[in-house]
Amino acid sequence: MSGLVLKLGPRERVLVNGAVIENGERRARVSILTPNANILRLRDAIRPEEATTPVRRVCYIAQLVLSGDVDAEEARHQLLRGIEQLSQALCDPDSRTQLSEATAAVSDGDFYRTLKRLRSLLPREDRLLAATPALS
């Protein structure tokens with residue numbers, strides 16, 4: 001039997017199919033057995049005001065699907081367009097792999113995996129933006 005296993009710290013919150021669940025005082029492991037359940041760790045959530053970079057904006061769209069705030073079919077087109085735009089800027093082999101996997105996840109309707117793949121690009125984007133001098 002496979003599924004997603006969440007390891008939660010004390011008082012950590014997670015969103016499961018639109019319901020906020022808070023862990024108790026001790027660390028816990030929770031197995032999500034339902035396929036295609038929408039899961040979002042609230043500690044990892046991107047707030048609307050934080051969606052200020054290209055990768056963060058695309059992550060935010062995937063996150064909105066997981067939180068139940070946007071219909072998956074509505075978001076699918078935006079996600080695929082955003083991933084295509086990112087692939088024009090992130091040309092290294094690892095980024096291409098992550099973007100290809102994110103595209104496959106969108107096509108499969110697996111928005112948790114989509115978000116996971118896109119989030120892996122955040123450190124790279126942060127480094128690129130830090131290395132780019134601000135235009136005046």
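Numbering starts at 1 and runs along the sequence shown. Please read these numbers as outputs of a predicted model, since none were measured by experiment.
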For Asp92, give me all partners under salt bridge (charged side-chain N to carboxylate O under 4.0 Å, His left out), at least two apart in sequence or on another chain.
Arg124
The salt bridge (charged side-chain N to carboxylate O under 4.0 Å, His left out) partners of Arg56 (sequence neighbours excluded) come to Asp126
Could I get the full list of side-chain contact (heavy atoms from CB on, under 4.5 Å) partners for Ala75, not counting sequence neighbours?
Ile61, Val65, Val70, Leu79
Let me confirm one number: the CG-OG1 distance from Leu118 to Thr103, rounded to the nearest 0.5 Å.
8.5 Å
Would you compute the distance between atom CG of Leu40 and atom CZ of Phe111 and round it to the nearest 0.5 angstrom?
14.0 Å
Rounded to the nearest 0.5 Å, how far does NZ of Lys116 lie from CG of Asp44?
11.5 Å
Might you work through the salt bridge (Lys or Arg N to Asp or Glu O under 4.0 Å) test for Glu73 and Arg76, ending with a clear yes or no?
CA-CA 5 Å; Glu73 285 307 312; Arg76 187 178 310 270; 3.0 Å; yes
Quick one: salt bridge (charged side-chain N to carboxylate O under 4.0 Å, His left out) partners of Glu22, sequence neighbours excluded?
Arg11, Arg13
Rounded distance [0.5 Å steps], CD in Glu50 versus OH in Tyr60:
10.0 Å
Interatomic spacing from OG1 in Thr97 to CG in Leu90 - rounded to 0.5 Å:
12.0 Å
Side chains of Leu99 and Leu121: closer than 4.5 Å at any heavy-atom pair?
yes
Residues two or more places apart in sequence or in another chain: which of them pass salt bridge (charged side-chain N to carboxylate O under 4.0 Å, His left out) with Arg41?
Glu12
Can you give me the closest heavy-atom contact between Arg57 and Thr52, atom names plus distance?
NH1-O, 3.1 Å
side-chain contact (heavy atoms from CB on, under 4.5 Å) involving Ser120 - partner list, sequence neighbours excluded
Gln98
For Leu129 and Thr53, which heavy atoms make the closest approach, and how far apart are they?
CD1-CG2, 3.6 Å
Heavy-atom pair with the smallest gap, counting every atom of Cys59 and Ile46:
CB-CD1, 3.6 Å
Out of curiosity, Asn38 CG to Leu15 CG, how far, rounded to the nearest 0.5 Å?
8.5 Å
Could you tell me which non-hydrogen atom of Ala102 sits nearest to which non-hydrogen atom of Thr114, and how far apart they are?
O-OG1, 3.8 Å
